[in-house]
Amino acid sequence: QEPTDGTFGLEATDQVLELRTLLTVDRVQSSSPGLLVVHEGDSGSAGGILGYLALIPGDHTDLEIAVDRPLVDGEQLSLMLHEDTNQNLILEPGTDLPVIGSDGHTESVVITVAVPPGTPDIRIHFAAQGNEAWDLISADPGLEFVLEGTAVLNPTLRLTAGWRYHIWNESYASHPFELLTIRSDGADVALLSQSQGGYLEDDPAVDFVRDVAWIEDGDSFLFTMTPALAEDLTNYRCSAHRQAMRGEIVVVDPERRQRT
């Protein structure tokens with residue numbers, strides 16, 4: 001492959017992750033439309049594609065790029081610039097080839113990520129809309145990772161088995177958040193709760209620290225979607241406004257998770 005016409009540059013460094021699905025890139029230069037691609041790295045060689053970000057021409061700094069699976073401590077990744085051949089902002093493997101610099105090498109850099117124990121994969125921000133509904137304000141690295149459909153009021157959440165979640169409930173004082181299941185008789189059973197001991201919190205058969213790892217910190221909480229939780233979880237609600245402020249939860253396997 002011949003050197004790519006234009007001016008290109010890529011700067012990224014090893015980093016400690018705050019979310020296991022989100023990377024930061026210090027600087028990218030591209031004189032033409034391009035794609036910044038995250039490859040699985042193996043001793044510096046580019047492997048499978050984990051995510052990408054479309055670029056307009058220019059000099060970009062402090063970029064964030066999402067990846068499709070949680071990264072692990074010590075993992076190597078290859079960040080590589082690709083051409084956007086059809087200028088459609090979509091990565092087309094085999095068509096959008098790596099950018100080749102004047103030295104004959106790809107415009108790429110290998111980084112290593114550090115993941116502290118307990119680091120969440122997804123961060124979700126909820127607020128109450130009066131006493132009538134939950135409002136899904138945002139999700140990192142993106143709403144497409146958690147939203148089933150398009151509604152953001154009492155939305156249906158699509159959560160992934162085995163992933164760890166951080167939920168910020170800014171309306172916690174008046175609207176404690178609960179994860180629940182619905183019994184065969186139609187009654188709600190709280191599994192995890194900001195206002196009371198949920199069923200899984202009280203179940204002595206659950207090794208809570210190792211498994212769900214429920215952590216409350218004021219208006220925020222963290223939990224892991226363990227097999228026990230994934231098997232029973234069907235809904236969420238406000239413990240004070242149980243009928244108006246509630247929604248469904250769909251739990252999917254990591255292998256079948258697709259961003260919408």
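Quick caveat: nothing in here was measured; it's all calculated off a predicted structure. All heavy atoms count here, side chains included; hydrogens, waters and symmetry mates do not.
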Between CG on residue Leu77 and OG on residue Ser108, distance to nearest 0.5 Å: 12.5 Å
Is there side-chain contact between Leu97 and Thr85, with heavy atoms separated by less than 4.5 Å? no
Does His105 have any ring-ring contact (aromatic ring centres under 6.0 Å, His included) partners at least two apart in sequence or in another chain, and if so, which? none
Could you go through Arg237 and Glu248, starting from their C-alpha distance and side-chain angles, then the distance that decides it, and tell me whether this counts as salt bridge (Lys or Arg N to Asp or Glu O under 4.0 Å)? CA-CA 9 Å; Arg237 72 180 183 190; Glu248 297 181 358; over 6 Å; no
State plainly whether one hydrophobic cluster holds both Val99 and Val25, where clusters connect Ile, Leu, Val, Met, Phe, Trp and Tyr through side-chain heavy atoms under 4.5 angstrom apart. yes
Common cluster, Ile65/Val67, ILVMFWY with side-chain heavy-atom separation under 4.5 Å: yes
List the atom of Glu92, the atom of Asn88, and the distance in Å for their closest heavy-atom pair. OE1-ND2, 3.4 Å
Walk me through it: do Glu75 and Arg69 pass the test salt bridge (Lys or Arg N to Asp or Glu O under 4.0 Å)? CA-CA 12 Å; Glu75 184 168 2; Arg69 65 160 174 80; 2.4 Å; yes
Looking at every heavy atom in both Pro93 and Ile49, which two are closest together, and how far apart are they? CG-CD1, 4.4 Å
So, does Asp84 use its side chain to make a donor-acceptor pair with the main chain of Leu89 at under 3.5 Å? yes
How long is the span from the CG atom in Leu157 to the CG atom in Leu179, to the nearest 0.5 Å? 9.0 Å
How many angstroms lie between CG in Asn154 and OH in Tyr236, if you round to the nearest 0.5 Å? 5.0 Å
Using distance alone, with no hydrogens and no angle criterion, decide if Glu178 and Gln196 have a side-chain donor and acceptor under 3.5 Å apart. yes
Full working for ring pair (Phe, Tyr, Trp, His ring centres under 6.0 Å) between Phe221 and Phe177: CA-CA 9 Å; Phe221 61 91; Phe177 201 95; 5.7 Å; yes
Polar side chain donor-acceptor pair, Ser193 to Ser195, under 3.5 angstrom: yes
Taking His175 for its side chain and Ala128 for its backbone only, find out whether a donor-acceptor pair lies under 3.5 Å. no
Given the rule in the salt bridge (Lys or Arg N to Asp or Glu O under 4.0 Å) test, do Asp188 and Arg246 qualify, once you have shown the distances and angles that lead to the verdict? CA-CA 11 Å; Asp188 289 349; Arg246 64 187 293 133; 2.8 Å; yes
Tell me the closest heavy-atom pair linking Tyr165 and Val146, and the distance in Å. CE2-CG1, 4.5 Å
Would you kindly confirm whether Leu22 and Leu36 end up in one hydrophobic cluster when ILVMFWY residues are joined by side chain heavy atoms under 4.5 Å apart? no
Quick one: CD1 on Ile124 to OG on Ser220, what's the gap to the nearest 0.5 Å? 11.5 Å
Is any side-chain N of the basic residue among Arg20 and Asp121 closer than 4.0 Å to the acidic one's carboxylate O? yes
Kindly say whether Gly6 contributes a backbone atom to a donor-acceptor pair with the side chain of Ser31 at under 3.5 angstrom? no
Of all heavy-atom pairs between Ile215 and Arg164, which one has the smallest distance, and what is that distance? CD1-NH2, 3.6 Å
Just do the side-chain contact (heavy atoms from CB on, under 4.5 Å) check on Phe8 and Thr4 with the steps written out, would you? CA-CA 9 Å; Phe8 304 94; Thr4 307; 3.9 Å; yes
Please tell me whether Leu53 and Leu17 are part of a single hydrophobic cluster in this structure, the criterion being side-chain heavy atoms less than 4.5 Å apart. yes
Would Leu136 end up clustered with Ile167 when hydrophobic side chains under 4.5 Å apart are linked, directly or stepwise? yes
Taken to the nearest 0.5 Å, the spacing of His60 NE2 from Ser30 OG works out to 6.5 Å
Taking the six-membered ring for Trp, are Phe126 and Trp168 closer than 6.0 Å centroid to centroid? no
Under 3.5 Å, side chain of Asp14 to main-chain N/O of Thr112, donor-acceptor pair present? yes
Tell me if the CD atom of Glu132 is crowded by more than 12 foreign heavy atoms within 6.0 Å. no
Please give me the minimum heavy-atom distance between Thr160 and Pro254, naming the atom from each residue. CG2-CA, 3.7 Å
Checking His166 against His125 for the ring pair (Phe, Tyr, Trp, His ring centres under 6.0 Å) test, could you report, in this order, the C-alpha distance in whole Å, the side-chain angles of both residues, the deciding distance, and whether it holds? CA-CA 9 Å; His166 174 196; His125 177 191; over 10 Å; no
Any donor and acceptor pair, going by atom type alone, linking the side chain of Asp140 with main-chain N or O of Gly142 inside 3.5 Å? no
So, for Ala66 and Pro141, which heavy atoms are closest and what is the spacing to 0.1 Å? CB-CB, 3.6 Å
Out of Leu233, Leu229, Leu191, Ile249, which residue meets the side chain to side chain contact (heavy atoms under 4.5 Å, CB included) rule with Thr181? Leu191
In this structure, CG of Leu23 is separated from OG1 of Thr21 (nearest 0.5 Å) by 9.0 Å
Would you check if the side chain of His39 reaches a backbone N or O of Ser78 as a donor-acceptor pair within less than 3.5 Å? no
Side-chain donor or acceptor of Thr106 paired with backbone N/O of Ile100 under 3.5 Å: no
Mark yes when over 12 heavy atoms from residues, nucleotides or ligands other than Asp217 sit less than 6.0 Å from its CG; otherwise mark no. no
Please determine, by modelled atom types, if Gln15 and Thr24 share a side-chain donor-acceptor pair under 3.5 angstrom. yes
